[in-house]
Amino acid sequence: MIARTLACLLLSASLFDTAQARGYRYSDAHLHYVDFFQETEGMPALLKAMDEAGVEQSMISGIPVAKKWHEDEPKRPRYYAGDDADAYWYSATDLYVAAALEKLPVEQRRRFHPFLTGFNPVDKNAVSHIERMLELYPGLWQGIGEVFTRHDDLTALTSGDTPRANNEAMTRIYHLAAERDLPVLLHSNITSKRERNPLYLAEIEEPLRNHPHTRFIWAHAGSSMEIHRHQERMDFLLPVLSRLLEDYPNLYVDLSWSVLEPYLLDEQGVPRKAWVDLVVRFPERFMLGSDVVGRFASIGEQMHAFNPFLDALPAAVAEQVSRRNFLDLLPKNVK
Ligand SMILES: [Zn+2]
């Protein structure tokens, strides 16, 4: 009996050591240099936060819309949901990202992987804007996105028609992405705030099927904090995701915040076995993101929050998810 207790103690001590000893380094696959007002804390603050958090490499993009301070609003809103004023498509966001990167010494610039985001995804001319930007900054851009399509309240507040991931404007962009070897980070909610079924699944599935040569990163696996505010954990998310990963080798998944809780971790912060098993089954397809917008102090907190989940994975898989998978997805000429 004593021997068994001792063995148990030794076993749990060694498990504890393994988790402690891993010392994760991260690649952040989802980061916005500016906020919804196109403002930023700036590059020194970003680099400091990355260094402190152990983030070696980071995707970097602008925000494709600007929230208006409406003429009728006496107080300036602090977030896009702050009041009823709309947000509008804003292309200059890409220039801010490019300008910030161009000022950096080469060894710092190498830590960033800029994605183009400043276009209207319901405009069939958007692809021409992307082509012009690629021409204007040769070799700079390494991906497209985050593209905002179905995004609950933000969609409702954005001027013009609702973007769908399977519309014609996006179809043209996916062709270009395949041709130029650029991954696409796509925000496309799997459902609306109130429907307890995968209402908009076809909008993401159609491009996955029709563009096998385009690499898609599905932001938050189609979940959102706003959906959670209105309904329980979506029990269909894991089976749907599992089927999509099986059927479409061009699908990659960003696990950032609205996936971490309540999906990867339960209410006690314990990793859910079904999600651990899913990631182990598709070890090359998942990545982490902070999804910070313009302010960077919380990068460490966001990324380290994944540690309990990473600890539940075999060490090699945890390394792929925390660092490797995002880098492997980038265009061949930057690897
Ligand atoms: Zn985002």
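First listed ligand is number 1; within each ligand, the first listed atom is number 1.
In terms of modelled atom types and a separation under 3.5 Å, the side chain of E168 and the main chain of D123 share no donor-acceptor contact.
Looking at residues two or more places apart in sequence or on another chain, you find a ring pair (Phe, Tyr, Trp, His ring centres under 6.0 Å) between H187 and H151, H220.
The one candidate from S188, P207, P183 that meets the side-chain contact (heavy atoms from CB on, under 4.5 Å) condition with F216 is P207.
Under the 30°/60° scheme for interplanar angles, the aromatic rings of Y26 and Y24 are found to be tilted.
Under a 4.0 Å N-O distance rule, the pair R295/D35 does not qualify as a salt bridge.
Contact detail for Y263 and S258: the closest heavy-atom pair is CD1-O, 3.5 Å.
Around the Zn ion (ligand 1), protein N, O or S atoms at a distance under 2.8 Å total 4; waters are neither shown nor counted.
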